[in-house]
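Heads up: the structure comes next, in structure tokens.
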Amino acid sequence: MGCILNKNLTHATSLKDAMHSYHLLVFEHAHHYPTVAGILLFGKNTHYFFEQAIILCSHFSGTEGREAIASKECSGTIIDQYHEAYDFILSRLNYSFTIKGKVRSEVLEVPEVAVREILVNALVHRNYNIKAPIKVAIYQDRLM
């Protein structure tokens, strides 16, 4: 494995040592194994190890019911899941706008910071022992 500079930038550290220090890799029974965090952050096939590690995003018509207008299954690393879900949610929300003079200002119906917070909290606090995906539902009057 290659080497990287440590935080103090005083000497090179092996990639394995760096991965151990961030708890992405463990050494057991004379072998190195990725941790759950290692697999979820950098795994090539996270779904193989954690089939529930996906986000199901659905946009429903109206304010109640289960009539889906659009849906997306977001998979891959948790970073990939975040980006896919974030893009889907923003693509399904409405914008309002105001014009002041020559300038047009657009405002998303749900602040982007709230969408980011919802997704980050869901990913960080997910219990991977529960065999269920994260579900995001977009209705006419709410995001849940």
Check: For Asn94, does its backbone N or O pair with a side-chain atom of Glu109 as donor and acceptor, under 3.5 Å?
Finding: yes
Margin query: Less than 4.5 Å apart, side chain to side chain, heavy atoms only: is that true for Glu112 and Leu90?
Written below: yes
Margin query: Any side-chain to backbone donor/acceptor pair from Ser58 onto Ala68? Under 3.5 Å, distance only.
Written below: no
Check: Shortest non-hydrogen contact from Arg142 to Thr63?
Finding: NH1-O, 2.9 Å
Notebook entry, point to check: Minimum heavy-atom separation for Ala85 to Ile55, with atom names?
Noted result: CB-CD1, 4.0 Å
Notebook entry, point to check: Is the side chain of Glu73 donor-acceptor paired with the backbone N or O of Ile54 at a distance under 3.5 Å, no angle test?
Noted result: no
Check: Is Glu51 reaching over with its side chain to a backbone N or O of Lys131, donor-acceptor style, under 3.5 angstrom?
Finding: no
Checklist line | Other residues, nucleotides, ligands: >12 heavy atoms within 6.0 Å of Tyr48 OH | finding: no
Notebook entry, point to check: Does Tyr139 sit in a hydrophobic cluster with other residues, and if so which ones, taking ILVMFWY side chains as linked at heavy-atom separations under 4.5 Å, directly or through other members?
Noted result: Phe60, Met144
Note to self: Tell me whether the count of non-hydrogen atoms from other residues, nucleotides or ligands lying under 6.0 Å of CD in Gln140 goes above 12.
What the structure shows: no
Notebook entry, point to check: Is a side-chain donor or acceptor of Thr46 paired with a backbone partner of Gly76 at a separation under 3.5 angstrom?
Noted result: yes
Next item on the list: Give a yes or no on whether His32 atom NE2 has more than 12 heavy-atom contacts from other residues, nucleotides or ligands under 6.0 Å away.
Entry: yes
